Amino acid sequence: MIIAVDGPAASGKGTIARALASRYGLPHLDTGKLYRATGLAVRLSGGDPGDVAAATHAALHLDPELLDDPDLMSSDNAQGASIVSAHPPVRAALLERQRVFAGQPGGAVLDGRDIGTVIAPHATAKLFVTATPLVRAQRRHRELAAKGDSRDLAAVLADIEARDARDSGRSTAPLRQADDAALLDTSELGIDAAVQRAIALVEQAIAQAHSLDGQQQV
Ligand code: C5P
């Protein structure tokens, strides 16, 4: 069983993906971390995330230790991740490890931007998790404030909108809802309600997959 969870920044997709992984006993991959580690590697080597060759080199030689770096989840690094992720060779370099993770026996939950469209187009269940830009910025602002980051709400909203535009506007694997993904708008939902709704949508997708299997066997 493969569960694909896509959506823009701070939509709640990470929290939902982790909850689904725990509910169904599946391993979980936050694919954003691969792009964040790539962007961080470029920055640490003094390079420019806009430089395709430097970013591709970093993606091909990804240092697993960077996945635990304290700077991985920072706002500055998110912008770098979004810049490197628009380079087609970077996406190609990271594709195989995501497909291998998705294809492991028993299945997996992956969250990102192109899981349902590119990485696992045949996923059992696909969710596209979203919320209004303002709600997402308010969530991210609260998270950053809790970590002692004093950035104001307007700056956080501008960062989120810049990232949305870059992620949706790139030519390779842009952020978009797969045709067969269920839409989950979390703008007015708390965490528990959003997770319950996600579980209900996955259950529907599983029931549909079983009924298709049954029809094929007849
Ligand atoms: O999910 P997260 O916000 O950590 O992702 C950081 C950046 O990595 C995104 O803004 C996006 O540009 C990129 N990304 C991507 N494809 C994915 C996951 C993340 O392009 N599957």
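Bear in mind the structure is a predicted one, so any value in this text is a computation, not a measurement. All values below come from the heavy atoms of this structure, side chains included, with hydrogens, waters and symmetry mates left out. Order of appearance sets the numbers: ligands from 1, and atoms from 1 within every ligand.
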Matching residue for Thr15 among Asp111, Ile191, Val5, Leu20 - test: side-chain contact (heavy atoms from CB on, under 4.5 Å): Ile191

Atom indices of ligand 1 within 4.0 angstrom of Arg36 heavy atoms, with elements: 2 (P), 3 (O), 4 (O), 6 (C)

Contact (N/O only, under 3.5 Å) between Gln98 and ligand 1: no

Atoms of ligand 1 close to Asp167 [distance to a heavy atom under 4.0 angstrom, numbered from 1]: 9 (C), 10 (O), 11 (C), 12 (O)

Arg140 and Asp159 ion-paired at < 4.0 Å: no

Asp6 with Lys126: basic N within carboxylate O range, under 4.0 Å: no

Distance filter under 4.0 Å to Ser85 heavy atoms, resulting ligand 1 atoms: 11 (C), 12 (O), 13 (C), 20 (O)

Nearest-contact summary for atom 6 (C) of ligand 1 - protein heavy atom, Å: Arg163 NH1, 3.5 Å

Minimum-distance protein heavy atom relative to atom 17 (C) of ligand 1: Arg113 N, 3.4 Å

Positive for side-chain contact (heavy atoms from CB on, under 4.5 Å) with Asp167, one of Pro174, Pro8, Ser85: Ser85

Identity and distance of the protein heavy atom lying nearest atom 18 (C) of ligand 1: Thr31 OG1, 3.4 Å

Ligand-residue contact atoms, ligand 1 with Ser82, heavy atoms, under 4.0 Å: 10 (O), 12 (O)

Polar contact flag for Tyr35 and ligand 1 (N/O pairs, less than 3.5 Å): no

Interfacing atoms of ligand 1 (cut-off 4.0 Å, heavy-atom, Gly32): 1 (O), 4 (O), 5 (O), 18 (C), 19 (C)

Ligand 1 to Arg91 polar contact by distance, N or O atoms, under 3.5 Å: yes

Pair Arg43 + Asp71, salt bridge at N-O below 4.0 Å: yes

